Amino acid sequence: MAVEVVMPKLGMAMKEGTVSLWSKAVGDPVEKGEAIASINSEKIEMDIESPAEGTILNIAVQEGQGVPPGTVICHIGNPNEEITIDDYVAEQTQSKIVEQEKPKTKESPILSMGDRLMITPVARKMAQAANLDIEKIQGTGPGGRITKEDVQKVIEKRDSVSVITEERIVPPQPSLESRQQIPITGMRKIIAKRMKESLQSSAQLTLTMKVDVTDLVILQKQAAETLQKQESTKLTITDFVAKAVVLSLKEHPKMNSAYIEDNIILNEHIHLGLAVALENGLVVPVIRNAENCTLRQLSNKGKELARCARDGQLPIEDMQGSTFTISNLGAYGVEHFTPILNTPETGILGIGSAYDTPLYIGEELERRTILPLSLTFDHRVLDGAPAAAFLQTLKRYLEEPITVIL
């Protein structure tokens, strides 16, 4: 008997998963535990392994298609095995939904079974996405059922007519021979949606400041050498900045707040988000109750979360609930930039690339190390002066680094 492979539920908040890549095709043999497809949801990407040994009998969900958790995406069984699934049950369920959404027409080119419109779930979804009237599509499947091929033909015909019409009206445009269309799916789709929502739902302003971290660099190197001998790890400048941010947030609690439904919510605890760049986007792992962590604990937790994120092993729960976020582009040579708020948070700190420059210390010209910082904040919660005061406090901690470890 064929084995169903379903879209897994990757977290409590997951509503839809997308098949990003099929590693196997229909008819391919698979071993139990072998990767057969890659899926993504929210900000998680992972491989689906075959639950049994056998042959891929069918693929029910195509690449780029999103479906709810629990949806069957393929079947695995013996070669030439027939899949005993009552397709008409699913079709009848879909047809009832269609009947409720659209009034019946007296004349229709669609063959039907009784009063029920025959259309496959995939075809219906394609038609809805293309804003097509499914009652005007001629079905070529069994019993007049509308298939995805039928919908695709209508879309192609409509697009070709649209192109011809546009060519008659619009003056000739330069040829775009190398143009490539890439569908927005999975992680990229979620990031695009959230970034747009962030800019549309808040009043964002960015302040920049330069911090003299010469003494911090010296202390960091000494601490890193000592700690590496004990734990085979080392403290980084980012670790010190993270600890200084936590200390500064305790002095400026409004920067650790959230704007929700015309209310400013002051968070009791500091849940520190650390942006981590991945090959296909970024995620923000969260260090919870960061106010209770020592510098070493912040360092260890941050590194472990980042490793899990890059390995695709970070649960959705560890990417939710941050109250303030840090984003570091220093490794790319960027100095100041404009980080976008991880709403409903009030602030996000951008760390730039440290550089050496001549600087007068009293009457003496010295070589000093400067760290550029960029703070984006929600102007609905804070005005410029208190936001600048937060940066001044952060600057004080970083320029007097001994206070960070005491």
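Model, not experiment: these values are computed from the prediction.
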Thr376 and Thr206 side chains, donor-acceptor separation under 3.5 Å: yes
Ring geometry between Phe324 and Phe390 (parallel below 30°, tilted from 30 to 60°, perpendicular above 60°): tilted
salt_bridge(Lys395, Glu399) N-O dist < 4.0 Å: yes
Considering all heavy atoms, the nearest Glu34-Val30 contact: OE1-CA, 3.4 Å
Short side-chain to backbone donor-acceptor contact, Asn300 and Gln297, under 3.5 Å: no
Exercise: do Asp378 and Thr346 side chains pair donor with acceptor under 3.5 Å: no
Main-chain N/O of Ala389 paired with Gln392 side-chain donor or acceptor, under 3.5 Å: no
Over all atoms of both residues, closest heavy-atom pair of Leu266 and Pro253: CD2-O, 4.0 Å
Nearest atoms (heavy-atom pairs only) where Pro79 meets Thr55: CG-OG1, 3.6 Å
Sidechain-backbone polar pair: Trp22 side chain, Val61 backbone, donor-acceptor under 3.5 Å: yes
CG/Asn80: more than 12 non-hydrogen atoms of other groups inside 6.0 Å: no
Check ion pair Glu291-Lys243 (N to O, under 4.0 angstrom): no
Donor + acceptor pair across side chains of Ser322, Glu345 (<3.5 Å): yes
Pair Lys221 + Glu225, salt bridge at N-O below 4.0 Å: no
Euclidean distance, Ile265 CD1 relative to Ile260 CD1, rounded to 0.5 Å: 5.5 Å
Thr393 and His252: side chain donor to acceptor below 3.5 Å: yes
Closest heavy-atom pair and its distance - Asp383, His379: OD1-CE1, 3.4 Å
Inter-residue atom distance Leu21.CG - Ile48.CD1, 0.5 Å rounding: 11.5 Å
Passing option when Thr214 is tested against Arg368, Glu366, Arg367 for side chain to side chain donor-acceptor pair (under 3.5 Å): Arg368
Flag, side chain of Ser257 to backbone of Lys254, donor-acceptor distance under 3.5 Å: yes
Ala52 backbone acceptor or donor facing Ser50 side chain under 3.5 Å: yes
Pair Glu304 + Lys301, salt bridge at N-O below 4.0 Å: no
Rounded distance [0.5 Å steps], CD1 in Ile287 versus SG in Cys293: 6.5 Å
Under 3.5 Å donor-acceptor, Asn328 side chain and Gly330 backbone: yes
Sidechain N-carboxylate O distance under 4.0 Å for Lys303, Asp239: yes
Check: Glu197 side chain, Arg194 main-chain N or O, donor-acceptor pair, under 3.5 Å: no
